[in-house]
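Excluded from the calculations below are hydrogen atoms, water molecules and symmetry mates; all remaining heavy atoms, backbone and side chain alike, are included. Because the structure is a prediction, the values reported are computed rather than measured.
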Amino acid sequence: MTDKQIIRDEALDEQYSIIHHKSGLDILIWKMEGYRTTEAMFVTKYGSFNNIFRKAGQKDFTAVPEGIAHFLEHKLFENEDCSAFALYAKTGADANAYTTFDHTAYLFSCSQNWDKSLEVLLKFVQEPYFTRENIDKELGIIGQEIRMGLDSPERRCFYALLRALYSEHPIKIDIVGTEETIAKITPELLYECYDNYYDLHNMFLAIAGNVDEDKVIELADKLLRDCEDRKVETYIPSEPRDVCQKRIELTCPVGLPIFNIGFKAEPLSGEERVKKSVAASVALELMSGTMSSLYKRLLDERLINSTFGYDIMAKDGIFFTAFTGESEDPDRVCELCIEEIERVKREGFDQRLFDIVRKSTYGQIIRELSSPERVCSGLMVSGMMDGVDSFCQIRALRELTAEQCRQAVDELIDPEYCAVSVVRPE
Amino acid sequence: MLEFKRERLGGGVSFSRVTDKKFKSCSVKVAFITENSYSSSAKSALLFSILATSNAKLPSRTALTEAAEELYGSYISSFSSRIGDYVTAGLECGFIADVNTIGKEVISTKAVGILLDCLFDPQLEDGLFSEEYFSLKQKELCDAIAAYVNNKRAYAIREARKLIFKGEPAMYSDYGSLEDATAITREDLLDYRRYLFDNAVIEISVSSDGSTSDCEELIKERFRPFANRNVQDITYRTNSPLKAEPLFSEISESMNQSKMVMAFKSDYEDIYTVKLFSTMFGGAPFSMLFENVREKLSLCYYCPSVYIDTKGTMLVDSGVENQNLTAAREEIIRQLHQAAEGGFTDELLENSKRFICDSFMSNYDSPYNMQDWFTAQMTRGTSFTPDEICDRLNSVTKEQIRDCAASFRLDTVFTVKASGEAVNGQ
């Protein structure tokens with residue numbers, strides 16, 4: 001039985017639908033009047049985190065090689081007769097796929113024939129074809145991708161921070177794996193991962209822009225296969241509160257030293273994760289954004305340049321914030337950031353600046369609502385979290401107070417749980 | 001429904017207006033266009049980055065940022081890039097449409113007012129740009145130039161352009177060299193601003209929901225005195241001359257994956273036929289290079305082609321393992337010869353038409369993309385819409401594509417070879 005939910009935000013006068021399809025798949029549809037573009041993402045909640053798992057009722061967990069989720073994504077683009085690109089070539093869509101820590105997404109963007117492209121998407125993701133021969137061919141291509149990644153100092157600095165912050169959680173594992181780990185991948189392992197995680201109950205489809213809801217349902221009815229809810233369970237080892245290492249330093253060809261200064265926090269889930277992420281984001285903007293006294297001081301001391309910024313990563317079992325950028329003296333940057341965090345904890349935030357940042361963030365959300373790509377990404381983020389809709393972020397922003405931002409600093413940006421990664425020139 | 005209007009205000013100043021009621025945000029760009037030279041790109045980048053920091057009414061970076069952010073996250077930023085032999089640099093401003101603010105506030109004229117004040121009433125100290133902002137932005141520019149090496153792919157293309165366009169203004173990079181950037185003085189910069197105001201072609205463009213007529217009047221009023229200037233129109237297209245013999249050049253860097261940039265030149269007249277050919281050759285995930293060089297032969301990780309219409313030059317840049325450099329180069333050339341002999345299917349050509357048209361049509365959904373679209377049209381002396389270009393592309397024949405491919409000659413092969421002192425993953 002397929003049923004439908006309308007999710008609406010009165011103040012924005014925007015809405016989208018969630019279709020709970022009888023196959024087990026949730027379909028999130030946001031029709032944008034007057035737009036020509038259609039953005040679609042077929043997502044499985046399966047990424048590099050999900051390396052050790054078991055099916056419901058199974059006693060033992062199975063461990064699979066690091067990088068297998070990303071490898072599977074590459075291989076799924078190839079069915080028995082041709083590649084998915086060849087199928088999309090007949091519709092004109094621009095198609096792609098990516099793998100992250102906690103999900104894999106297959107996407108397309110098009111301004112014509114969206115229904116034909118959706119047919120391609122729904123079909124090929126449900127038709128795995130893995131052989132020893134096509135795995136061997138892919139080893140070479142992914143090996144090149146791995147080596148190319150090693151040439152990116154920003155990427156190496158980011159992964160060094162993850163290894164410094166987390167001692168147990170699989171976030172520290174590189175999404176693409178290593179040449180050694182992917183060499184262990186077999187067709188049987190790929191099918192096992194596919195069967196467990198590419199279960200429609202563990203997946204969702206997000207579509208935004210020029211789309212017709214009835215046509216989507218018609219295609220879903222025709223193309224989605226009923227499948228058993230496997231209720232796969234991923235093993236995530238328990239992560240200590242402390243950081244793993246206070247500092248990791250690497251060298252490679254870079255213009256200036258690159259730094260990531262991370263603050264590990266207790267993980268959050270559901271709506272609380274969204275609310276606290278919004279509070280942390282506004283707090284970080286107030287502390288280190290271009291209007292802040294910290295930013296001015298770092299600029300005055302010639303410690304940062306235009307690359308300076310901040311990040312938040314909030315996923316299952318993970319929550320950390322980070323300051324990132326380039327500097328001749330990353331240690332001094334770290335010292336001043338921590339000084340500012342301590343000041344905010346004591347004094348809180350200036351109400352006038354808080355009001356400006358909140359208004360500015362509202363403007364940013366409005367801008368995003370005019371981009372089918374951004375709207376579809378927003379649907380994807382909400383699809384990843386049970387009980388969280390796409391308007392949760394703007395509701396959290398409307399209700400946010402300066403005091404909640406100060407509390408977010410207290411709770412989530414604690415210098416005691418700080419780790420630093422630096423990539424210096426050779 | 002999209003509308004476009006372009007008018008000449010006189011004295012080398014033109015005003016373009018793109019409107020579509022569905023746009024929720026607006027963009028205003030003022031571009032100063034002059035011929036590129038060894039020092040103009042560095043001066044342009046530095047000048048406008050300083051102008052974006054403050055103005056006489058908002059004399060500090062913090063004051064300007066706060067004023068803009070308060071307007072629902074409006075921004076004033078600088079840009080500097082090349083169009084063939086010319087450098088286009090200036091200021092842009094983005095804001096949400098008034099109707100989307102809480103309480104329907106009028107923010108558009110305020111945001112545009114800040115932009116105009118930055119251009120016309122800069123913050124000066126003793127008749128010069130502030131020492132503080134000058135040294136800050138000069139350091140940022142130098143840092144950005146030093147960081148060229150961080151992105152190996154972009155670095156290879158930048159170095160290759162010096163050889164491909166040797167002796168032509170297009171050889172100079174977006175930001176100039178470190179020597180150029182450090183040699184600039186505050187006096188130079190003020191002189192350069194005067195020079196641009198007196199001599200540059202000025203392109204103003206507004207992209208909005210149609211509610212910005214007051215802003216447009218403000219802008220026109222400030223530029224009225226420019227009508228008396230004597231500024232010649234620019235011919236943007238100057239095809240780069242083909243070298244008597246192809247140039248092969250190689251440098252070595254400590255990295256894991258080599259980069260190879262190949263330049264092919266042609267005087268083929270119709271740029272849209274060339275764009276279609278380039279899409280079929282290496283610009284799509286089903287193109288000849290992707291299918292053969294990457295997928296079938298696994299000779300590189302990426303090898304797209306891109307056509308620089310203002311220079312009549314097609315670049316193929318690739319990430320290649322050292323042992324595959326010769327084979328990849330030969331195969332790319334072989335694929336070009338095959339295209340020149342008509343060795344491609346009608347289906348591939350039709351798929352390429354669909355792909356490029358789909359991509360062009362998706363521009364309609366973004367005020368920023370449509371602004372860029374009509375800027376590109378301006379450089380060609382035309383004002384075609386994406387629909388009109390797609391109609392043209394759909395009538396291109398196989399014979400025209402074959403002739404187009406046959407007109408390309410190899411000009412330069414530049415390689416940044418991985419030295420073998422590769423870094424590992426840790």
Side-chain angles (χ1 to χ4, degrees), chain A residues 33-37 83 85-86 88-95 109-112 137 140-141 144-145 147-148 150-154 156 159 174 178 209 250 252-256 258 290-291 296 299-300 302 305-307 326 353 356-357 359-364 366-367 369-372 426, chain B residues 20-25 61-62 65-66 69-74 94-96 100-102 132 136 139-140 143-152 253-257 284-286 290 294-295 298 300-301 319 321 348 351 354-355 357-359 361-362 364-367 422-426:
Chain A
E33 290 297 342
Y35 283 78
R36 297 194 185 206
T37 317
S83 81
F85 286 130
Y88 279 121
K90 297 182 196 327
T91 72
D94 188 5
S109 170
C110 67
S111 54
Q112 53 194 345
K137 198 201 86 181
I141 289 174
Q144 292 192 45
E145 185 178 354
R147 289 192 285 284
M148 191 173 77
L150 294 175
D151 285 334
S152 164
E154 290 86 359
R156 295 186 67 212
Y159 272 102
D174 197 314
T178 66
L250 310 167
C252 77
V254 284
L256 276 180
I258 295 173
T290 50
M291 289 186 293
K296 183 172 185 322
L299 278 182
D300 288 348
R302 301 293 183 266
N305 56 31
S306 56
T307 61
E326 297 172 353
L353 284 181
I356 292 176
V357 170
K359 212 169 171 185
S360 163
T361 310
Y362 177 86
Q364 181 59 33
I366 295 293
R367 263 199 278 279
L369 288 177
S370 57
S371 157
E426 288 173 323
Chain B
D20 190 325
K21 278 200 167 67
K22 72 169 179 269
F23 293 156
K24 287 187 166 67
S25 52
R61 188 194 54 76
T62 310
T65 310
E66 280 185 19
E69 292 278 340
E70 189 152 23
L71 302 172
Y72 291 84
S74 301
F95 47 91
I96 59 172
N100 291 312
T101 61
I102 300 166
E132 183 192 350
L136 176 74
K139 181 186 177 299
E140 282 193 359
D143 285 356
I145 294 167
Y148 278 164
V149 71
N150 293 10
N151 183 333
K152 307 292 183 288
E253 289 282 345
S254 164
M255 56 192 207
N256 286 275
Q257 186 190 60
F286 50 79
F290 186 88
R294 179 187 139 121
E295 290 294 300
S298 296
C300 61
Y301 182 63
E321 301 296 304
L348 177 62
N351 289 345
R354 257 192 302 273
F355 185 80
C357 288
D358 197 288
S359 155
M361 303 289 257
S362 68
Y364 279 117
D365 284 347
S366 159
V423 289
N424 65 30
Q426 302 302 305

Shorter than 4.5 Å, heavy atoms on both sides: which option in [options] has the most such pairs with chain B?
{"options": "A:L256, A:L299, A:D94", "answer": "A:L299"}
{"options": "A:V357, A:L369, A:I356", "answer": "A:I356"}
{"options": "A:G140, A:G209, A:C110", "answer": "A:C110"}

For B:K139, which atoms come within 4.5 Å of any heavy atom of chain A: side chain, backbone, both, or neither? side chain
Interchain contact, B:S298 with chain A, by part (heavy-atom threshold 4.5 Å): both
What pair of heavy atoms forms the shortest contact from [X] to [Y], and how long is it?
{"X": "A:S111", "Y": "B:S362", "value": "OG-N, 3.7 Å"}
{"X": "A:K90", "Y": "B:N351", "value": "CA-OD1, 3.8 Å"}
{"X": "B:G319", "Y": "A:Q144", "value": "O-OE1, 3.7 Å"}
{"X": "A:R367", "Y": "B:S25", "value": "CG-CB, 3.6 Å"}
{"X": "B:S254", "Y": "A:P253", "value": "O-CG, 3.2 Å"}
{"X": "A:P153", "Y": "B:K152", "value": "CD-NZ, 4.2 Å"}

Nearest 0.5 Å please: distance from the [atom1] atom of [X] over to the [atom2] atom of [Y].
{"X": "A:Q364", "Y": "B:I96", "atom1": "CD", "atom2": "CD1", "answer": "10.0 Å"}
{"X": "B:R294", "Y": "A:I141", "atom1": "CZ", "atom2": "CD1", "answer": "4.5 Å"}
{"X": "B:K21", "Y": "A:E33", "atom1": "NZ", "atom2": "CD", "answer": "15.5 Å"}
{"X": "B:D365", "Y": "A:T37", "atom1": "CG", "atom2": "OG1", "answer": "3.0 Å"}
{"X": "B:M255", "Y": "A:D151", "atom1": "CE", "atom2": "CG", "answer": "6.0 Å"}

Where on [X] is there a heavy atom nearer than 4.5 Å to chain B: the side chain, the backbone, both, or neither?
{"X": "A:Q112", "result": "both"}
{"X": "A:T361", "result": "neither"}
{"X": "A:D174", "result": "neither"}
{"X": "A:T178", "result": "neither"}
{"X": "A:Y35", "result": "both"}
{"X": "A:S306", "result": "both"}

Hey, does [Y] have a side-chain heavy atom less than 4.5 Å from the side chain of [X]?
{"X": "B:Q257", "Y": "A:L150", "value": "no"}
{"X": "B:I102", "Y": "A:Y362", "value": "yes"}
{"X": "A:E154", "Y": "B:N151", "value": "no"}
{"X": "B:N150", "Y": "A:I258", "value": "yes"}
{"X": "B:R61", "Y": "A:T290", "value": "yes"}
{"X": "B:E69", "Y": "A:L353", "value": "no"}
{"X": "B:E295", "Y": "A:S83", "value": "no"}
{"X": "B:R354", "Y": "A:T91", "value": "no"}

Pairs of heavy atoms under 4.5 Å with chain A: top-ranked of [options]:
{"options": "B:F23, B:Y148, B:F286", "answer": "B:F286"}
{"options": "B:F355, B:Y301, B:F95, B:Y364", "answer": "B:Y301"}
{"options": "B:C357, B:P285, B:A284, B:S359", "answer": "B:P285"}
{"options": "B:L71, B:T65, B:L348", "answer": "B:T65"}

I'd like to know if the side chain of [X] and the backbone of [Y] have a donor-acceptor N/O pair within less than 3.5 Å.
{"X": "A:R147", "Y": "B:E321", "result": "no"}
{"X": "B:D143", "Y": "A:N305", "result": "no"}
{"X": "B:N256", "Y": "A:M148", "result": "no"}

Side chain to side chain contact (heavy atoms under 4.5 Å, CB included) evaluation trace for B:E132 with A:D300: CA-CA 8 Å; B:E132 183 192 350; A:D300 288 348; 3.5 Å; yes
